[in-house]
Structure formats: structure tokens, C-alpha cells
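Shown next, in C-alpha cells, is the structure this report addresses.
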Amino acid sequence: METGLTLVVLVVLLAVSFDFINGFHDTANAIATTVSTKALPPRIAIILAASMNFIGALTFTGVAKTIGGKIADPAQLDFGVLVVIAALLAAITWNLVTWWYGIPSSSSHALIGSLAGAVIASAGWGQVNWSGFMDIFKALIMSPIIALVVGYVLMNLLYLLFSRVSTPPVKVNRGFRYFQILTAALQSFTHGTNDAQKAMGIIVFALVAANVQQDASHIPFWVQFVCALAMGLGTSVGGWKIIKTVGGKITKIEPINGATADLTSSTIIFSFTQLGLPVSSTHVISSAIMGVGAAKRFKNVNWGVAKRIVITWFITLPISAIIAALFYLVLALFL
């Protein structure tokens, strides 16, 4: 019993660490366009993002319930806590590797792939709830495609609208630069409503597996609070390498582009949060930026960087699953 509680505490510490790393890994999601257009100074943008991430993380629990019970039933796993430890170690490892190389990969893909890989290593393919896993997988794949299309269409509509008015482009951009402050806050809030919940769900998964609580659909407030705090603190640290990639290397960002991309991505993220489905904020925002960039001029998008991002989208799930399986097999030898 004492060993079991020790492992649960270790899970909480790792989950909080994952949320902290997720915060600085994904800071670019909320503020990259705002910083690149000089709508806000970097320090102020980070404070705004951290605060709104914290508030957003305390507001919803639907995604946490999905992570906690839809990929696998924690009550049916003999070594469920060990599965969670392996999954978190793998997700953290992949996040740090991609952060170091400045690749805007998905913390969501990493965590979900890692959890599935660890479950398979522990109990076999049959213990994965493939129906629930595919619901999550579809959301992860469809959300960036929707963001690309919506960003492209919305940007074209705005170009059409402002081409028919006599307002000088300088004034239009100035107005959108102020509007970007609002969209950055909204972006940070929606990021908290979705991303921070993934660590909440993984903690609940471990609590049920260890028989600390019975219901995977109940998210204790202390779990919400520590995950929200970790996400907010991580965001305050910032991820400057990824900010450079998202904010400038995909396409040249002007205030009207940045505000449109932020509005597009925050709307999509929040819509999936309402459905209780986890999405990758990194992928959604990167895709929205590609969409608004392509609307201005297809060649304006750096498709080389975009290709590298897309490749990372597809390799993260299998690589994180393999890493998690290896972690589980090593841990099982010693624990």
C-alpha cells in the first residue's frame, strides 16, 4: 500500500512537470503572432498568456474525463499506475526533444500516444479502448485541417471587406493590432481549457488504477488547481525557440493576419473543448497561420517549415508510443 501511494505521488509530480513543460512548450501558441506583430511586448504577452491559461484550466473538465477513461479503463489494469508513469516519462521526453530543436510538435499527440503505448506494453492491444482512442485521434487530425480551411476563408472574407472601404491599410493594421490583445487573451484561455486538462485526466487515471478513487469521471478540485498552476507557471517561462518558428518562419505575420489566426484557432479549440475532445493547440494554431498566410498569397507560406511541422504531427503518436512502451518495460523490471 505504501509503495502504491508513493507511485501515485510520483505520478502527480510527473503530471505537474508535464503541464509545466507543456506551458513553456506551448507558450508560442498564444503569443507568437502577438509578439511578432508587436501588438504586445514579449514580457506583457507572456504574463497575459500565463494568467489566462490558469483561468481557462480551472473552468472546464470535459477533456480531463475523456483522457481519464476513454483510452483505457484504469480499473481493469493490473499495473495502471506504472502505465501512467511510463506514459508521462515518454511524453515529457518527446516534448523536451522537440522544444530543444524548436519544432512545434503536439503535447497532446505525445501524451495520448504514450498512454496507448504503455497500455499495450502492460496489458496488450485488447486493453486499449479503440473506439474512444479513434474519437480522440479523429479530433486531433480533423482540428488542424478545419483550422487551415477556416483561416483561409475568414482571411479572404476580411480582405474582400476591407478592399471595399477607403480605410488606409495602416489604420486597418493599427486597429487589428489592438484587437490582437483580445484574441491573444482568448487564445490563452482556450489553450488552458483544453491542454491543462490532459494532465488532470492522467492523474485521475492513476488515482482510479490505484483505487484511491472509484469514478474516472470525477475530477477533484485539487487536481484542477495544481495542473492549472503548473500550466500557468510553465507559460510564464516561455518557449522562445518555438515562438520564432510559429511567429515568423511559417509566414510573414501582420496584425490582421495574426488576429484572424488567433480568432480562428481559439474558436476551434474551444469548440472541441465543449465536446470534451482533446486537440493539439500547436497544430491548430500553426494550421490557422498557414491558412491566413495562403489567403494573402500562396507563396507567402514557407511550406518547407510547414512540411516539417506536418511530418512531426504524424510521427509523434507512434514514436511516443514506442518510447512509452520501452519506459514501461524498463520500469517493470525494477518496480
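None of these values were measured; they are calculated from a predicted model.
For the pair Asn53 (side chain) and Gly192 (backbone), a donor-acceptor distance under 3.5 Å is present.
Inter-residue side-chain proximity for Leu77 and Asp73 is flagged as unmet; no heavy-atom pair is nearer than 4.5 Å. The shortest side-chain heavy-atom distance between Val208 and Asp215 does not fall under the 4.5 Å cut-off. Contact check for His191 versus Ile269: no side-chain heavy atoms found under the 4.5 Å cut-off. Here the side chains of Asp262 and Leu182 are not in contact, with every heavy-atom distance at 4.5 Å or above. In this structure, Thr66 and Asp135 have side chains that are not in contact, with every pair of non-hydrogen atoms separated by 4.5 Å or more. The side-chain heavy atoms of Phe162 and Ile256, taken from C-beta on, include a pair separated by under 4.5 Å. Residues Leu88 and Leu111 are in side-chain contact: their nearest non-hydrogen atoms beyond the backbone lie under 4.5 Å apart. Taking the side chain as every heavy atom from C-beta outward, Ile268 and Phe272 approach each other to under 4.5 Å.
Separating the CG atom in Leu115 from the NZ atom in Lys70 is a distance of 14.5 Å, to the nearest 0.5 Å. Interatomic distance, CG of Leu263 versus OG1 of Thr267, reported as 4.5 Å (0.5 Å rounding). We find the OG1-OH distance between Thr183 and Tyr178 to be 14.5 Å, quoted to the nearest 0.5 Å. To the nearest 0.5 Å, atom CG of residue Asn95 and atom OG of residue Ser17 are 12.0 Å apart. Note that the CG atom of Leu275 and the CZ atom of Phe270 stand 10.5 Å from one another [nearest 0.5 Å]. The distance from atom CG of Leu229 to atom CD of Gln224, rounded to the nearest 0.5 Å, is 13.0 Å.
Under the side chain to side chain contact (heavy atoms under 4.5 Å, CB included) rule, Cys227 has a single partner from Asp195, Ile202, Ile203, Ile219, which is Ile203.
Counting only residues at least two apart or in different chains, side-chain hydrogen bond (donor to acceptor under 3.5 Å, both in side chains) contacts with residues 200-213 are absent. Within the structure, every pair that satisfies the side-chain hydrogen bond (donor to acceptor under 3.5 Å, both in side chains) test and touches residues 113-126, not counting sequence neighbours, is listed here: Ser122-Tyr328.
Val83 and Leu333 fall into different hydrophobic clusters, where Ile, Leu, Val, Met, Phe, Trp and Tyr side chains are chained together by heavy-atom contacts under 4.5 Å. Hydrophobic clustering keeps Ile120 apart from Ile322 (ILVMFWY residues linked when any side-chain heavy atoms are closer than 4.5 Å, directly or through intermediates).
Residues satisfying the side chain to side chain contact (heavy atoms under 4.5 Å, CB included) criterion with Ile315, sequence neighbours excluded, are Trp94, Ile311, Ile319. Applying the side chain to side chain donor-acceptor pair (under 3.5 Å) test to Ser108 and every residue at least two apart in sequence or in another chain returns Lys198. Residues meeting the side chain to side chain donor-acceptor pair (under 3.5 Å) test with Ser51, sequence neighbours left out: none. Evaluation of the ring-ring contact (aromatic ring centres under 6.0 Å, His included) rule for Phe179 yields no partner, not counting sequence neighbours. With sequence neighbours excluded, no residue forms a side chain to side chain donor-acceptor pair (under 3.5 Å) with Thr190. Shown here are the side chain to side chain donor-acceptor pair (under 3.5 Å) partners of Thr273, two or more places apart in sequence or in another chain: Thr193, Asn194.
Ala87 approaches Ala324 most closely through the heavy-atom pair CA-CB, 4.2 Å. Residues Ala325 and Gly117 come closest through the heavy atom pair CB-O, 3.8 Å. Taking each heavy atom of Gly80 and Phe205 in turn, the nearest pair found is O-CE2, 4.2 Å.
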Donor-acceptor pairs are to be reported for all side-chain atoms of residues 7-14 against protein atoms at under 3.5 Å, with residues two or more places apart or in another chain.
none

For residues 138-160, tabulate all N or O donor-acceptor pairs below 3.5 Å that involve a side-chain atom, not counting sequence neighbours.
from, atom 1, to, atom 2, distance (Å)
Ser143, OG, Ala139, O, 2.7
Asn156, ND2, Tyr152, O, 3.1
Tyr159, OH, Asn257, ND2, 3.1

Q. Does the side-chain hydrogen bond (donor to acceptor under 3.5 Å, both in side chains) test come out yes or no for Ser131 and Asn129, once each step is laid out?
A. CA-CA 6 Å; Ser131 174; Asn129 178 2; 4.7 Å; no

Q: Check the pair Ile112, Ile67 against side-chain contact (heavy atoms from CB on, under 4.5 Å), reporting the backbone distance first and the verdict last.
A: CA-CA 8 Å; Ile112 290 161; Ile67 298 294; 4.0 Å; yes

**Q.** Step-by-step side-chain contact (heavy atoms from CB on, under 4.5 Å) determination, Thr93 to Phe327
**A.** CA-CA 11 Å; Thr93 299; Phe327 266 121; 3.8 Å; yes

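Atom CZ of Phe79 is surrounded by 12 or fewer heavy atoms from other residues, nucleotides or ligands within 6.0 Å.
Using modelled atom types and a 3.5 Å distance limit, the side chains of Ser265 and Gln187 yield a donor-acceptor pair.
Here the two rings, on Trp130 and Phe133, have centers that are under 6.0 Å apart.
Here Ile47 sits alone; no ILVMFWY side chain lies under 4.5 Å from its own, so it joins no hydrophobic cluster. Cluster partners of Met231 are absent, since no Ile, Leu, Val, Met, Phe, Trp or Tyr has side-chain heavy atoms less than 4.5 Å from it.
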